[in-house]
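Notes for the one structure printed next.
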Amino acid sequence: MDDYSILFEPLAIGPVLAPNRFYQVPHCNGMGYRHPKALAAMRAVKAQGGWGVVCTEETEIHPSSDLSPFIEGRIWDDSDLPAMQLMTEAVHEHGALAGIELTYNGHQAYNLYSRLPALGVRALSTGYNPWQARCMDKEDIRNVRRWHRLAALRARQAGFDIIYCYAGHNLSLAMHFLSPRYNDRSDEYGGSLENRVRFLREIIEDTKEAVGDTCAVAVRLAVDELLGDDGITCQADGYEIIAMLAELPDLWDINVSDWENDSAPSRFAKLGYQEKYIAFVKTLTSKPVVGVGRYTSPEAMVSAIQRGLVDFIGAARPSIADPFLPQKIKEGRVEDIRECIGCNICVTGDLLTVPIRCTQNPTMGEEWRRGWHPEVINPRKKGEAVLVIGGGPAGLECARALGQRGYQVVLTEARREFGGRVALEASLPGLSEWRRVIDWRLTQIDKLSNVTLYPSSLMNAEDIRQADFKRLVLATGAHWRADGISRARRKPLSGLDLLPVFSPDDLMAGISLQGHIIIFDDDHYYMGSVLAERLTAMGCQVSLVTPAPLVSYWTQNTLEQKRIQERLARLGIRFYLQHVLESVDQAGVRIKDLISGGMAELACDGLVLVTERRSNDQLYYQLKPLLDSGLLTHLSLIGDAQAPHLIAQAVYSGHLAAREMDEQRNEALPFRREI
Ligand code: ADP
Ligand code: SF4
């Protein structure tokens with residue numbers, strides 16, 4: 001067996017001892033102060049799964065740094081402590097340390113709830129918000145230092161072992177002080193690096209003085225903003241800041257900024273992508289260093305430690321996709337690790353202000369409200385076998401979870417390969433890691449003697465009747481429509497028979513195109529953009545028409561949008577933003593500018609419609625009479641066959657159907673709420 005023992009060595013962080021080197025770095029989750037029981041249960045599962053340190057998300061220290069509408073942690077006064085204690089007690093119960101990321105966001109705080117003026121290093125605005133922060137004077141700086149100190153004392157009282165001074169992601173006042181881009185002060189807090197570091201140094205010293213005898217004081221620092229000379233870089237200021245403060249904190253939690261760079265998706269960044277930026281840190285300090293880089297392989301983790309890059313393996317997404325990752329490594333069950341696919345659906349919870357979810361781990365966010373555990377499942381109550389039709393993400397997860405419950409399961413799939421849409425989409429540019437959704441499920445099913453797979457088995461209603469199962473789950477997926485109906489256009493498009501027209505299904509089936517191809521993207525997620533990449537790679541000239549003001553608009557929620565648009569622009573793809581298709585003829589398409597109403601003709605050799613999908617639910621309606629007549633005792637429709645949605649939702653739907661088989665369901669309120 002490989003030797004991973006170094007990962008399980010206890011390691012001191014100032015006055016506290018981490019039981020191992022698995023460190024769940026702070027990560028947001030859309031639960032925060034609003035869903036404290038759910039949050040505590042989610043963090044507890046990570047501690048139970050072997051993460052030696054489990055941290056909070058950004059935690060607001062004062063109402064003048066209120067992050068609403070985003071739902072983060074809150075430690076404004078003592079009334080927040082009972083909620084915080086739920087987490088620390090739950091984490092301690094499993095022998096892990098609890099860390100808290102105290103946060104004062106400066107001009108990045110919207111203060112929509114508190115309605116207090118934001119305090120910034122200068123009078124800065126943020127995003128497209130028509131307001132600005134107030135430039136802090138010396139009294140404001142003293143106040144923020146005092147608030148930070150009081151929050152640290154409260155955090156200790158709540159039971160936290162590690163207390164953060166946060167200077168990362170461009171979301172923190174301390175980082176704004178460091179950055180010449182924001183800091184134009186002429187007092188002792190601006191100008192030279194020594195002066196720009198002053199505020200961070202002061203809050204570290206304040207925190208150490210307040211709680212440093214019993215709690216570790218960590219600094220989360222962005223050492224590179226990936227902006228070249230316009231930002232902090234690991235060759236210049238990033239390096240010098242660590243050199244200046246090297247021995248001051250008890251732990252360095254190092255990453256790149258901003259959040260889009262730190263949580264880079266797999267489409268753009270592979271395992272260990274931060275190593276080149278953070279490699280220098282351990283040459284300057286004797287204090288332990290945490291780094292992240294979507295490490296899911298124990299070999300890569302051991303190597304990062306042995307190469308002297310980090311002391312702790314930091315993880316947000318790998319711990320979300322598999323809260324039991326450390327435990328599985330410890331038990332030599334590496335093949336059981338549910339590896340993160342780097343899709344950033346977890347991030348959407350925070351940005352859309354709802355509890356976190358994960359493509360790979362359907363139990364994420366459901367630990368308290370549905371009582372789901374990532375490794376444990378309710379055993380079956382009845383003995384009847386189940387036939388699942390369709391081996392996409394929904395069918396695979398349903399069959400796997402039913403098998404885990406102890407049911408006899410047969411899973412049939414029309415194609416030779418299992419995986420449904422994931423198998424097809426993972427072959428598109430940049431999406432190969434998505435295969436992990438299939439691989440993990442097939443590996444698990446392989447271990448279950450009660451689940452049988454039948455590939456190359458297209459089933460019609462008669463085949464299903466003859467198979468003689470009483471319980472049937474249909475996971476038959478969906479297909480892309482090619483009639484031009486979409487969000488922006490609710491009636492069919494005329495002239496589609498005059499021009500070669502393709503759907504994403506055609507392209508994923510391997511059709512090869514030439515010449516100038518127009519993609520009409522009214523789906524707004526990744527599909528339009530990855531097809532544009534694929535067509536460009538085939539040698540086509542590609543134009544992308546979309547009603548949205550940005551390419552792949554929804555990918556703002558997965559932190560991918562800027563990178564996608566930049567990549568397509570670099571590939572020479574021409575964009576027609578805020579345009580819709582008006583008509584089609586032999587020569588090309590007519591498009592309408594949604595702002596001016598102006599029309600334009602675009603000559604092309606083919607049109608790809610990335611619009612909406614239709615559920616494959618015919619079998620369901622053919623078989624429903626069997627349920628009504630009692631020949632079937634269970635019939636359900638799950639995943640995209642129920643309603644086209646994200647892959648994450650297909651997996652969730654499959655998991656839910658498996659958990660609910662033979663269980664009492666409360667239609668009115670299927671889960672617990674925190675009132
Ligand atoms: P989901 O995302 O809901 O899992 P997918 O489209 O990814 O949906 O997968 C559906 C799978 O079901 C596809 O692999 C498809 O080949 C398979 N399938 C659809 N209809 C049948 C059928 N009648 N018999 C067997 N397999 C089917
Ligand atoms: Fe990884 Fe995607 Fe899960 Fe996030 S949602 S943890 S990126 S698999």
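Just so you know, ligand 1 is whichever comes first in the structure, and atom 1 is the first atom listed for that ligand. In what follows, residues are counted from 1 in the order of the sequence shown.
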Within a distance under 4.0 Å of any heavy atom of [X], pick out the atoms of ligand 1 and give their elements.
| X | value |
| --- | --- |
| Gly639 | 3 (O) |
| Ala478 | 6 (O) |
| Gly420 | 7 (O), 9 (O), 13 (C), 14 (O) |
| Arg415 | 13 (C), 14 (O), 16 (O) |

I'd like to check whether [X] has a polar contact with ligand 1, where a contact means an N/O of the residue lying under 3.5 Å from an N/O of the ligand.
| X | answer |
| --- | --- |
| Asn616 | no |
| Leu458 | no |
| Ala650 | no |

Problem - Distance under 6.0 Å and angle within 45° of ring axis: Arg370 vs Phe671 - result: no
Problem - Cation over ring face, Arg614 and Trp480, 6.0 Å, 45° - result: no
Can you pull out the closest protein heavy atom to [atom]? Residue, atom name and distance to 0.1 Å, please.
| atom | result |
| --- | --- |
| atom 18 (N) of ligand 1 | Gly390 CA, 4.1 Å |
| atom 1 (P) of ligand 1 | Asp640 OD2, 3.5 Å |
| atom 16 (O) of ligand 1 | Glu413 OE2, 2.7 Å |
| atom 10 (C) of ligand 1 | Ala475 O, 3.3 Å |
| atom 19 (C) of ligand 1 | Thr476 O, 3.4 Å |
| atom 9 (O) of ligand 1 | Gly392 CA, 3.4 Å |
| atom 26 (N) of ligand 1 | Ala414 N, 3.0 Å |
| atom 24 (N) of ligand 1 | Met459 N, 3.0 Å |

Exercise for the section: Indicate, as side chain, backbone, both or neither, the part of Leu619 found under 4.0 angstrom from ligand 1 when only non-hydrogen atoms are considered. Expected result: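 Contact part for Leu619 vs ligand 1: side chain (C-beta onward).
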Practice task
Identify which protein N/O/S atoms are less than 2.8 Å from atom 2 (Fe) of ligand 2.
Solution key: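 Cys343 SG, with waters left out.
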Problem - Sole candidate of Gln565, Arg567, Arg267, Glu560 that passes side chain to side chain donor-acceptor pair (under 3.5 Å) when paired with Ser529 - result: Arg267
Quick check on [X]: does its [atom1] atom have over 12 non-hydrogen neighbours (other residues, nucleotides or ligands) under 6.0 Å away?
| X | atom1 | value |
| --- | --- | --- |
| Phe469 | CZ | yes |
| Lys447 | NZ | yes |
| Lys276 | NZ | no |

Handout entry: Under the salt bridge (Lys or Arg N to Asp or Glu O under 4.0 Å) test, residues paired with Glu72 that sit two or more places apart
Key =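 In terms of salt bridge (Lys or Arg N to Asp or Glu O under 4.0 Å), with neighbours along the sequence ignored, Glu72 is linked to no residue.
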Problem - Beyond-backbone contact of Val290 with Ile254, side-chain heavy atoms, under 4.5 angstrom - result: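 Of all side-chain heavy-atom pairs linking Ile254 with Val290, none is under 4.5 Å.
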One thing to verify: whether [Y] and [X] come together as a salt bridge, which I'm taking to mean a side-chain N less than 4.0 angstrom from a carboxylate O.
| X | Y | answer |
| --- | --- | --- |
| Arg665 | Glu667 | yes |
| Glu384 | Arg471 | yes |
| Arg415 | Glu417 | no |
| Glu433 | Arg294 | yes |

Problem - Ala461 versus Gln622, closest heavy-atom pair with distance - result: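 Minimum heavy-atom separation between Ala461 and Gln622: CB-OE1, 3.4 Å.
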Completion exercise
Checking heavy-atom distances from atom 5 (P) of ligand 1 to each of Gly391, Gly419, Gly477, Ser457, the winner is Gly477
Problem - Geometric class of the Tyr525/Trp554 ring pair [parallel <30°, tilted 30-60°, perpendicular >60°] - result: perpendicular
